[in-house]
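Side chains are part of it too, since the values below use all heavy atoms of this structure and drop only hydrogens, waters and symmetry mates. Indexing begins at 1, ligand by ligand and atom by atom, following the structure's order. One-based numbering along the sequence shown.
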Amino acid sequence: MATNKNYILKKKTASTTQEIYKGITNGDISSLSRAITITESCKPADKQISNELIQLCSTKTNPSLRIGITGVPGVGKSTFIESFGELITKSNKKIAVLAVDPSSQHTGGSILGDKTRMEQLGRNPRVFIRPSPSGKNLGGVARSTRESILLCEAAGFDIILIETVGVGQSETEVHSMVDFFLLLMLAGAGDELQGIKRGIMEMADLIVINKADGTNVTKAKGAKKLLQSALHYFPPHKSGWAVKTMTCSALENVGIDEIWQTCLDFEKQQLKNGYLISNRSQQNSDWFQKTLSTQFQELIIGKPEISDLIKTNETKILSGQISPFQAVDEIIEAFAKSFT
Ligand code: GDP
């Protein structure tokens with residue numbers, strides 16, 4: 001009886017997968033949205049569909065450029081994406097805008113959740129905007145964003161923009177899923193580093209000083225110069241790309257075309273030297289390692305008796321009764337026993 005039920009469920013999920021996959025490859029936005037919602041779901045049946053969909057979409061090789069955009073709140077990310085996105089669509093390209101926003105677990109919202117953001121771009125038929133899921137931890141958001149990238153590419157999107165708030169760990173996650181990493185900054189008295197960690201600056205392929213308009217132009221140019229000289233002290237990129245600095249006004253649409261041209265130059269160079277492809281393979285391999293360890297962890301924690309033992313051993317470690325290594329050994333032993 002149970003086998004029969006499983007068989008019917010498998011058949012049902014397989015037909016749902018095929019139906020959604022067909023929709024995605026036909027560029028149907030509602031199928032794409034449905035697929036992303038499924039990848040964000042925690043239900044076992046959805047997980048199966050999601051895994052099958054990702055497998056199918058991974059084999060579709062649409063040439064695309066994945067661009068990460070980061071910067072502190074207020075730097076002008078959404079204003080920039082509006083201008084940048086409108087410009088890119090003029091060259092007949094289709095853009096997907098995704099967000100990685102771990103702060104959403106605290107606020108219950110998301111960086112793209114506010115409907116007033118990127119309102120104009122959202123109406124462009126060549127653009128797909130998807131806020132990050134709220135209420136998930138960073139690992140979960142990053143995983144579904146990565147899966148969303150593959151789904152969007154299978155749906156024929158040429159440029160994938162991934163927005164993240166430049167204040168924490170999310171940049172490293174985003175950097176590990178994009179080809180090109182753009183950091184937006186502001187000019188201002190002594191705030192060239194304005195909370196942006198040096199590590200984030202080192203990851204950037206292009207650093208842009210935004211709000212270079214009105215009385216701020218000279219200040220922005222000065223900040224750009226300072227940055228340019230600071231770059232000499234940064235380690236060179238493995239990709240062979242020489243990091244650039246620029247100024248722009250996202251609000252007045254100045255300097256946006258030069259930024260787009262830089263992205264195109266980057267893509268051309270990286271395709272020629274083979275780094276774009278080898279970097280994506282490396283990212284896949286890193287992703288495999290990360291998924292393997294998180295899923296193992298989930299599997300272990302998912303067993304109530306093991307989860308209880310973890311808590312007990314944690315207390316014992318704190319009171320000096322056992323070493324962390326012994327604690328882990330006991331947990332692995334109990335986990336292995338749970339299968340016998
Ligand atoms: P985000 O939080 O990084 O997404 O920043 P927003 O795009 O929401 O912009 C924050 C504020 O800065 C808004 O009031 C924008 O109008 C303003 N802003 C964004 N870009 C520019 C710019 O290039 N010049 C000026 N003067 N203001 C800008």
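The environment of NZ in Lys221 is sparse: at most 12 heavy-atom neighbours from other residues, nucleotides or ligands sit within 6.0 Å.
Side-chain heavy-atom separations under 4.5 angstrom define the hydrophobic clusters, and the remaining members of the one that includes Ile317 are Ile322.
Under the 3.5 Å distance criterion, with hydrogens and angles disregarded, a donor-acceptor pair is assigned to the side chains of Thr89 and Asn124.
A donor-acceptor pair is defined here as one N or O able to donate and one able to accept, closer than 3.5 Å; no such pair exists between the side chain of Arg130 and the backbone of Ala96. Side-chain N or O atoms of Asn279 include none that pairs as donor or acceptor with a backbone N or O of Ser239 at under 3.5 Å.
Listed by chain and number, residues touching ligand 1 at under 4.0 Å (heavy atoms only) are Val72, Pro73, Gly74, Val75, Gly76, Lys77, Ser78, Thr79, Arg117, Asn210, Lys211, Asp213, Ser249, Ala250, Leu251.
With a 6.0 Å cutoff to the six-membered ring centre and a 45° limit on the axis angle, Lys303 counts as a cation-pi contact of Phe339.
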